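Owing to the predicted nature of the structure, the values given are computational and were not obtained by experimental measurement. Quick note on labels: first sequence line is chain A, next is B, and so on, each numbered from 1.
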There are 2 protein chains.
Amino acid sequence: MADLTDPQALAWASYQRMRVRLSGVLGRELAAATGLSEADFEVLVAVNERPDESVRSLALRCGLEWEKSRLSHQLRRMEQRGLITREACEEDSRGSAVRLTPRGRELACEARKHYDAAVKRYVMDSLTPEQVAALAEISDTLLDRIEITHR
Amino acid sequence: MADLTDPQALAWASYQRMRVRLSGVLGRELAAATGLSEADFEVLVAVNERPDESVRSLALRCGLEWEKSRLSHQLRRMEQRGLITREACEEDSRGSAVRLTPRGRELACEARKHYDAAVKRYVMDSLTPEQVAALAEISDTLLDRIEITHR
DNA sequence: ACGTCAAGGTTGATGCATCAACTAATCTGG
DNA sequence: CCAGATTAGTTGATGCATCAACCTTGACGT
């Protein structure tokens, strides 16, 4: 139960700083290019990537790993701005289904392009393939660790 | 200007998932152990680590790299909860100085212990020293990249 | 059937993050 | 010394994230 070592503390500090700054610039560029928040973006992409034209809230929630109230609030805001519509769900009258408006679908594609380009520009073009692989492995390792202790 | 390659897209997805989950569990454990948010924690630690007993808001802001309105709102909430006090600044009558209450100081130490232990448990104990070094290097590289294109 | 319980979703409240507008004090050039 | 520009900090508005309470509907054991 010792403290963090110096390299560990420095690594953590760098990671934290990077995490905040990176998500800051990505979010800002996305908003500047499309007017979407990252939350908007996640929802639009998740719905758009489905083959069917309408998706159950439940499926969306599982895919995004969001809490139900978070999704509900987010969908309300997106509906007000004309990005999606909501309709009743036939298989389960408790449920609801989400559909993209034309504008929503268009923005989803637009945003995807901008966002991927920004990830490439800020991240992938700066790292070697080995570093990208290392980042993936580190992330998967930590995810496993979290999964294990929270199950 | 090609798209992301498959390994790149997978690495990014893992990173994003890890980032969200990790900050989720860390924040939750901190809140459960101390009742503090991560924002509270950052401020308390930043103030507590200073040799002087009172710190200018300006210095705090620079150290944390926060926007001024963010700090102002946060300090207001923390003052209401009795974690800090604010007083006028003598060198510059526009400024204000922040001081920890006894309770704030105590919580800062308590929280530091819990937080570092959680970082060790979730992150450092799961990674090899090489992975920790790789994470630091990746983070520093990306930070440089962001600095360069945004200055 | 029916009573109970779980699940899908909404709502309201609160804290956090950001933007823009504002106040007041300091700095600076002439 | 003064007018204009900066700077420190506050405030209000809005969107996002989370928690708890709630409502409706479906599932299931008996």
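As a whole-Å value, the separation of R21(A) CZ from dA17(C) C1' is 16 Å. To the nearest angstrom, P of dG9(D) lies 15 Å from CH2 of W66(B). The distance from atom CD of E79(A) to atom C1' of dG9(C) is 13 Å, rounded to the nearest whole Å. Atom pair Q80(A):CD and dT10(C):C1' shows a separation of 14 Å (rounding to whole Å applied). Atom CD in E90(A) sits about 16 Å away from atom C1' in dG26(D), given to the nearest Å. Nucleotide dT14(D) holds its P atom 18 Å from the CD atom of E67(B), rounded to whole Å. We find that CD of E87(B) is positioned 16 Å from C1' of dA8(D), with the value rounded to whole Å. Between the CG atom of L75(A) and the P atom of dC16(D) there is a distance of 11 Å, given to the nearest Å.
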Side chain to side chain donor-acceptor pair (under 3.5 Å) evaluation trace for S96(B) with S57(B): CA-CA 6 Å; S96(B) 76; S57(B) 287; 3.0 Å; yes
D92(B)/R94(B) under salt bridge (Lys or Arg N to Asp or Glu O under 4.0 Å): CA gap, chis, key distance, verdict: CA-CA 5 Å; D92(B) 185 339; R94(B) 289 170 302 183; 2.8 Å; yes
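Each of R76(B) and R77(A) was matched to the nucleotide of DNA chain D holding its nearest heavy atom; the match closer to the 5' end belongs to R76(B). Positionally, the nearest nucleotide of DNA chain C for L71(A) lies more toward the 5' end than for the other of G24(A) and L71(A).
Hydrophobic clustering (ILVMFWY, side-chain heavy atoms < 4.5 Å, transitive): Y15(A) and V25(B) are in one cluster. Tracing side-chain contacts under 4.5 Å through hydrophobic residues (I, L, V, M, F, W, Y), one reaches L64(B) starting from V98(B); they form part of the same cluster.
Within the 4.5 Å cutoff, side-chain heavy atoms of Y122(B) are placed close to those of I146(A). In this structure, the side chains of D40(A) and R81(A) come closer than 4.5 Å at one or more pairs of heavy atoms. Looking at Q74(B) and E42(B), their side chains never come closer than 4.5 Å, going by heavy atoms from C-beta outward. The shortest distance between side-chain heavy atoms of E91(A) and R56(A) falls below 4.5 Å. Side chains of R112(A) and F41(A) form a contact here, defined as non-hydrogen atoms less than 4.5 Å apart.
A close approach under 4.0 Å does not occur between any side-chain nitrogen or oxygen of R86(A) and OP1 or OP2 of dG9(C). For dA17(C), one of the phosphate oxygens OP1 or OP2 lies less than 4.0 angstrom from a side-chain nitrogen or oxygen of R70(B). Distances shown here put a side-chain N or O of R61(B) below 4.0 Å from the OP1 or OP2 atom of dA8(D).
The aromatic ring of H73(A) is stacked on the base of dT11(C), with the two ring centres less than 5.5 Å apart and the planes inclined by under 30°.
Counting non-hydrogen atoms of other residues, nucleotides and ligands closer than 6.0 Å to CD of E53(B) gives a total of 12 or fewer.
Residues of residues 25-56 of chain B having a heavy atom closer than 4.0 Å to DNA chain D, listed by number: R28(B), R56(B).
Residue contacts shown for S72(A) include a base, since a base heavy atom lies under 4.0 Å away.
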Sequence-aligned protein contact record of nucleotides 20-27 of chain C, with B where the base is within under 4.0 Å of a protein heavy atom and S where only the sugar-phosphate is: B----BS-
